[in-house]
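One structure below.
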Amino acid sequence: MRTTLIAGNWKMNKSVSETVLLISELAPLVRDDIARGVEVAVCPPFIALATARDVLSNSGLKLGAQNVNPEAKGAFTGEIAPGMLSGLTEYVIVGHSERRQIFGESDAFVNKKALAVLAAGMAPILCVGETLAENEAGQTEAVLTRQVAAGLSGIAPNDLSRVVIAYEPIWAIGTGRAATAADAQNRCAFIRAEIRKLAGAAADTMRIQYGGSVTPANAREILSKPDIDGALVGGASLKAADFAAIVAAA
Ligand code: PGA
């Protein structure tokens, strides 16, 4: 059985004090869902992680970072190393489409991050997904095949079950236009089949989330699908009631 993981990617939102407020509002709303076995994580900005760690202690909420640099230390001004996060966060998002598109991150760089996150004892949430142009050109499966193979390259078979894949069609992110539950299921099943080709039975232990305009209104149907093991939620994770409603739908 794969444990459902609902993760909130706050992106470049919420100050330290706002982080305290949002986690304090959220924790009581999701307590019963965590108790029934839903895994719930929040991913605030780097600067708020240490405070968030304190605020969410005893809540059962997990913590994730939104990014990491794969190098261990050194002259990388403004960057954060895996070892700096490993005492703080359980998860690290790698390869989010905003990192790939705005900051030019390659498949190879994203793979280095995933390997570094695992080596530091955390779990990567590896984001994959096609652009609108790729989708309309019928290239979605080719893009997913490439991103999954590159992203998982070199990961030891034993570590694969710790990796979470987030399928996030780029045209659905922040647009209010989510994939249909049926399409999301098909893509996640395709990704699982690709992983099975690469890694055999490990594919059945790995969690695959859907992300892209997940809301309280569409979460239940999306999360009911057999190959969708959770959601990576952007905009709707910034309001405690909305995020909690998505968790409740899991
Ligand atoms: P969204 O973002 O829920 O606001 O579409 C999802 C994401 O970017 O992870």
| message | For a 4.5 angstrom cut-off between non-hydrogen side-chain atoms, does Thr4 reach Arg207? | response | no
| said: Is the shortest side-chain heavy-atom distance between Arg99 and Val94 below 4.5 Å? | reply: no
| message | What I'd like to find out is whether the side chain of Glu98 reaches to under 4.5 Å of the side chain of Phe103, using heavy atoms alone. | response | no
| query | So do Gln101 and Thr131 actually touch side chain to side chain, heavy atoms under 4.5 Å? | reply | yes
| Knowing that exactly one of Lys62, Arg162, Arg53 qualifies, which makes a salt bridge (Lys or Arg N to Asp or Glu O under 4.0 Å) with Glu90? | Arg53
| field | Lys/Arg-Asp/Glu bridge criterion (N-O < 4.0 Å) met for Lys239, Glu25 | value | no
| message | Is any side-chain heavy atom of Gln66 closer than 4.5 Å to one of His96? | response | no
| request: Spell out, yes or no, whether Val128 and Val233 are grouped together once hydrophobic residues are joined by side-chain heavy atoms under 4.5 Å, including indirect joins. | output: yes
| Can you find a pair of side-chain heavy atoms, one from Glu105 and one from Asn67, that are under 4.5 Å apart? | yes
| query | Would you call Asp204-Arg192 a salt bridge at under 4.0 Å N-O? | reply | no
| Using 4.0 Å as the upper bound for N to carboxylate O, is an ion pair formed by Asp227 and Arg187? | no
| request: Indicate yes or no: at least one non-hydrogen side-chain atom of Thr19 is less than 4.5 angstrom from one of Trp10. | output: yes
| Side chain proximity check, Leu63 to Pro44, heavy atoms < 4.5 angstrom | yes
| request: Could you tell me whether Asn58 atom CG has more than 12 heavy atoms of other residues or ligands within 6.0 Å of it? | output: no
| Do other residues, nucleotides or ligands put more than 12 heavy atoms under 6.0 Å from the CG atom of Leu132? | yes
